[in-house]
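Every value quoted in this text rests on a predicted model; they were computed, and no experiment measured them. Within every chain, numbering begins at 1; the chains are lettered A, B, ... in the order of the sequence lines, protein sequences first and strands thereafter.
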Amino acid sequence: MKLHEKILTHYLSCTSPVDKEGYLYKKKERNATYRRRWFVLKANLLFYQERPGDRHLLGVIVLEGCSVRRSESDVEFAFSLVFEGPGLKTYRFAARDGQTQESWVQTLVSASHCYLSLLVGDLGRQYEEAKQQQGSGGARPQSSWSKQPAGDLALAAQGPTAEVRPGRSFSAGTVLQAPSMPTKAVAKKSPKLWPRRHAHVTPLNGPAPSYGEWPLVGFDPLEDFGKLHDHYGQEVKRAREEWLRSRRAREEHTDGELVSLE
Amino acid sequence: MRFNEKELASLSRQPSEMAAELGMRGPKKGDVVKRRLVKLVVNFLFYFRTDEEEPIGALLLEQCRVEREDSRSFSIAFLDEAERKYLFECDSGEQCGEWVDSIIKASYEFMRKNLIFYRTEIHRLTGKDPLEQYGISDETRFQVNNGLQLVSRDTSSL
């Protein structure tokens with residue numbers, strides 16, 4: 001298959017922002033050695049070259065249909081991109097420290113076009129609802145949120161906005177979703193609080209939608225984004241816990257030569 | 001440049017709402033129109049010989065310009081080379097319009113702009129950052145001030 005490289009390299013070098021870049025060690029399949037490479041993530045494309053500023057790109061990994069996993073490996077701070085399907089690859093990486101590892105894992109988990117597509121769909125709905133509620137409730141933005149009991153819809157100005165900031169869903173272990181009210185059904189009389197509900201999420205069976213079962217644009221994206229996000233949340237949560245554990249463990253050991261990296 | 005070819009081929013086999021036989025002509029002088037199965041998956045346009053499973057090629061739909069050429073055809077220009085275009089001939093004006101629309105909306109950059117717009121607007125309307133609940137509010141790619149212009153009419157066609 002011809003991948004029109006010039007289009008990719010042009011995109012890489014154009015003015016749109018780079019999403020993440022840095023050194024990582026990439027494992028060569030053949031001889032199981034790790035080589036340090038400079039990685040640049042833009043959109044759903046992970047480019048790599050020997051060092052920053054090199055004109056010659058070594059390669060690119062298109063990040064669709066893969067899951068990010070913390071690797072069980074003899075190398076520390078390792079993670080991998082696992083492509084699901086017969087004969088498909090697993091790319092293995094290692095970072096220089098736990099922070100770098102976690103940072104890359106989190107970013108890669110949300111890098112795919114599929115993910116962004118579901119997220120945009122979700123926000124689009126929230127936006128429409130917010131506009132509707134804005135219209136029906138008058139010009140004043142809502143200043144109080146879910147801490148109030150459902151019956152109390154008072155919009156009295158309370159001075160500075162008391163923002164309710166839900167905790168990061170990863171540590172809380174739950175995924176909060178926008179209410180799935182059809183926009184036509186919003187009451188015109190008084191503005192409603194957004195009801196928060198905990199998504200009943202069935203964990204996915206595998207690390208990624210199995211071959212042939214991709215999230216399609218036609219689904220109920222709310223449900224699927226919640227599932228997708230919760231699944232990624234679990235992965236990242238695991239990665240995070242492992243990192244914290246290994247960090248504690250390391251603090252108890254003296255540093256030694258772990259593995260020789262090229 | 002190496003790339004994950006098998007995985008890309010697998011991607012090309014995923015279901016897509018935009019897949020059709022179109023006339024396709026390459027950008028070089030002397031290129032002629034050929035029947036190809038053209039398929040839009042995420043931000044890639046794959047094209048196949050009509051009886052083959054493996055795509056001949058994949059075009060990344062970023063930083064490109066999609067234009068209506070006439071009632072039934074559209075073009076995609078890459079690399080800021082406005083005259084170096086791929087031409088696609090459709091069966092109808094309606095089909096042509098659908099392709100142009102879909103290709104524009106398939107771009108990652110287009111989606112990112114919309115995301116940032118929604119994020120900003122939802123925050124303005126509700127005082128709440130909608131990305132917080134997903135724990136991704138700090139991701140670089142979703143930042144409001146990463147140099148993009150927010151134009152509300154970007155989303156008028158959505």
Locate the shortest heavy-atom distance separating [X] from [Y]; write the atom from each residue and the value.
X	Y	value
B:L60	A:L45	CD2-CD1, 3.7 Å
A:G59	B:M1	CA-CG, 3.5 Å
A:Y11	B:R112	OH-NH2, 4.3 Å

- Query: Between B:E62, B:E121, B:K6, B:E54, which shows the greatest number of heavy-atom pairs under 4.5 Å with chain A?
  - Reply: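 Ranked by heavy-atom pairs under 4.5 Å with chain A, first place is B:E62.
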- Task: Heavy-atom pairs under 4.5 Å with chain A are the metric here; pick the option from B:L59, B:N43, B:I56 that has the most.
- Result: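 Winner by heavy-atom pair count: B:N43.
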- Query: Does any heavy atom of chain A fall under 4.5 Å from the side chain of B:L61, the backbone, both, or neither of them?
  - Reply: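 Looking at B:L61, nothing touches chain A.
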- Query: What is the ring orientation for A:H4 with B:Y47, classed by angle as parallel under 30°, tilted 30 to 60°, or perpendicular over 60°?
  - Reply: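 Plane angle between 30° and 60°, so tilted.
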- Query: Would you call the rings of B:F142 and A:Y115 parallel, tilted or perpendicular if under 30° counts as parallel and over 60° as perpendicular?
  - Reply: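 Rings of B:F142 and A:Y115: parallel, under 30°.
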- Item | A:H113 side-chain N/O to B:A106 backbone N/O, donor-acceptor pair under 3.5 Å |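 Such a contact is found between A:H113 side chain and B:A106 backbone.
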- Query: If only atom types and distance count, is the side chain of B:E7 paired as donor or acceptor with the main-chain N or O of A:G65 below 3.5 Å?
  - Reply: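 Not a single qualifying donor-acceptor pair exists.
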If you round to the nearest 0.5 Å, how far is [atom2] of [Y] from [atom1] of [X]?
X	Y	atom1	atom2	answer
B:C64	A:H10	SG	NE2	10.5 Å
B:Y108	A:L116	OH	CG	5.0 Å
A:C114	B:L11	SG	CG	8.0 Å
B:S10	A:E64	OG	CD	11.0 Å
A:M1	B:F48	CE	CZ	8.0 Å

- Item | Region of A:K6 in contact with chain B, defined by heavy-atom distances below 4.5 Å |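 A:K6 touches chain B through backbone and side-chain heavy atoms alike.
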- Message: As a test of understanding, state which of A:L46, A:I61, A:L3, A:L88 forms a side-chain contact (heavy atoms from CB on, under 4.5 Å) with B:N4.
- Response: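 That would be A:I61; it is the only one of A:L46, A:I61, A:L3, A:L88 passing the side-chain contact (heavy atoms from CB on, under 4.5 Å) with B:N4.
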- Item | Of A:Q126, A:Q133, A:K131, A:E129, the residue whose pairing with B:L125 passes side-chain contact (heavy atoms from CB on, under 4.5 Å) |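 It is A:K131; the other options fail the test.
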- Partners meeting ring pair (Phe, Tyr, Trp, His ring centres under 6.0 Å) with A:Y48 (sequence neighbours left out):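 A:F39.
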- Item | Side chains of A:V62 and B:F44 in contact at under 4.5 Å (non-hydrogen atoms) |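 Yes; the side chains approach each other to less than 4.5 Å.
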- Looking at A:T9, A:L41, A:L123, which one has more heavy-atom pairs under 4.5 Å with chain B than the rest?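 Going by pairs under 4.5 Å, I would pick A:L123.
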- Is B:E52 atom CD crowded by more than 12 heavy atoms from other residues, nucleotides or ligands, each under 6.0 Å away?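 Atom CD in B:E52 is crowded, with more than 12 foreign heavy atoms closer than 6.0 Å.
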- Verify whether one side chain among B:R141 and A:S110 offers a donor that lies under 3.5 Å from an acceptor in the other.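 Judged by distance alone, the side chains do pair up.
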